[in-house]
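First up is the structure itself, then whatever we jot down about it.
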Amino acid sequence: MNKLLGILCATVCIFAFAALVSGTEATPQNCQQVLDNSCTKCHGVKRICKTMDKADADWPVIVADMGKRGKLSREVQDQALSCVTSTDAALKSALCPKK
């Protein structure tokens, strides 16, 4: 139980830190720009949207790995993390429109 609580606290701290250091608000326009200029250089937005639907997605690890592979700056990685972890439904529907 204590281990699970520790993991939960660490995850919350990582998300809070990422939001603080990103410096750029996660808006549909900012997030679309990050996805277009960085993420979709290697894979489609459908892959990102499918992962956004997964409750167990470890976004800090995923973004760090993808950022390293794509040689993305820390700032861009922080912006991407803010976008994919946002709880704003309008932002998600702008990035991942249902067809």
Side-chain angles (χ1 to χ4, degrees):
M1 179 71 174
N2 285 340
K3 186 176 182 180
L4 182 60
L5 186 57
I7 291 170
L8 179 63
C9 288
T11 303
V12 169
C13 288
I14 288 169
F15 287 133
F17 178 74
L20 287 174
V21 299
S22 69
T24 302
E25 186 179 348
T27 64
Q29 297 80 13
N30 291 341
C31 292
Q32 190 67 56
Q33 184 177 13
V34 169
L35 262 60
D36 289 347
N37 294 333
S38 302
C39 305
T40 58
K41 298 285 184 194
C42 299
H43 51 75
V45 73
K46 285 183 182 180
R47 182 174 182 180
I48 297 164
C49 293
K50 277 180 61 178
T51 307
M52 286 174 76
D53 288 336
K54 295 181 180 179
D56 63 343
D58 192 355
W59 281 112
V61 172
I62 294 169
V63 171
D65 181 44
M66 296 296 107
K68 183 177 177 183
R69 291 179 190 208
K71 297 178 176 61
L72 302 177
S73 70
R74 169 68 23 221
E75 180 183 358
V76 171
Q77 290 180 47
D78 291 342
Q79 290 171 348
L81 185 59
S82 271
C83 295
V84 296
T85 59
S86 175
T87 57
D88 182 356
L91 185 142
K92 184 175 178 187
S93 66
L95 296 178
C96 305
K98 303 281 185 201
K99 293 187 178 180

Got a second to check how far [X]'s [atom1] is from [Y]'s [atom2], nearest 0.5 Å?
{"X": "Arg47", "Y": "Met66", "atom1": "CZ", "atom2": "CE", "answer": "6.5 Å"}
{"X": "Glu25", "Y": "Leu91", "atom1": "CD", "atom2": "CG", "answer": "9.5 Å"}
{"X": "Lys46", "Y": "Thr51", "atom1": "NZ", "atom2": "OG1", "answer": "14.0 Å"}
{"X": "Thr27", "Y": "Gln33", "atom1": "OG1", "atom2": "CD", "answer": "9.0 Å"}
{"X": "Ile62", "Y": "Thr85", "atom1": "CD1", "atom2": "OG1", "answer": "11.0 Å"}

Inset, instruction - Sort and list the pairs that fulfil disulfide (SG to SG under 2.5 Å) and have at least one residue in residues 33-84, not counting sequence neighbours. - result: Cys31-Cys83, Cys49-Cys96
Inset, instruction - Give the cluster check for Val76 versus Val45: same hydrophobic cluster or not, with ILVMFWY residues linked at side-chain heavy-atom distances below 4.5 Å. - result: no
Legend entry - Result of checking Val34, Leu72, Leu35 against Gln79 for side-chain contact (heavy atoms from CB on, under 4.5 Å): Val34
Inset, instruction - Can you see which heavy atom on Lys68 is nearest to which on Gln77, and at what distance? - result: N-NE2, 4.4 Å
Legend entry - Any residue meeting side chain to side chain contact (heavy atoms under 4.5 Å, CB included) with Asp58, in chain and number order, not counting sequence neighbours: Pro60, Val61
Legend entry - Non-neighbouring partners of Gln32 that pass side chain to side chain contact (heavy atoms under 4.5 Å, CB included), sequence neighbours left out: Asp36, Leu95
Sequence neighbours excluded, which residues qualify as salt bridge (Lys or Arg N to Asp or Glu O under 4.0 Å) partners of [X]?
{"X": "Asp88", "answer": "none"}
{"X": "Asp56", "answer": "none"}
{"X": "Arg74", "answer": "Asp78"}

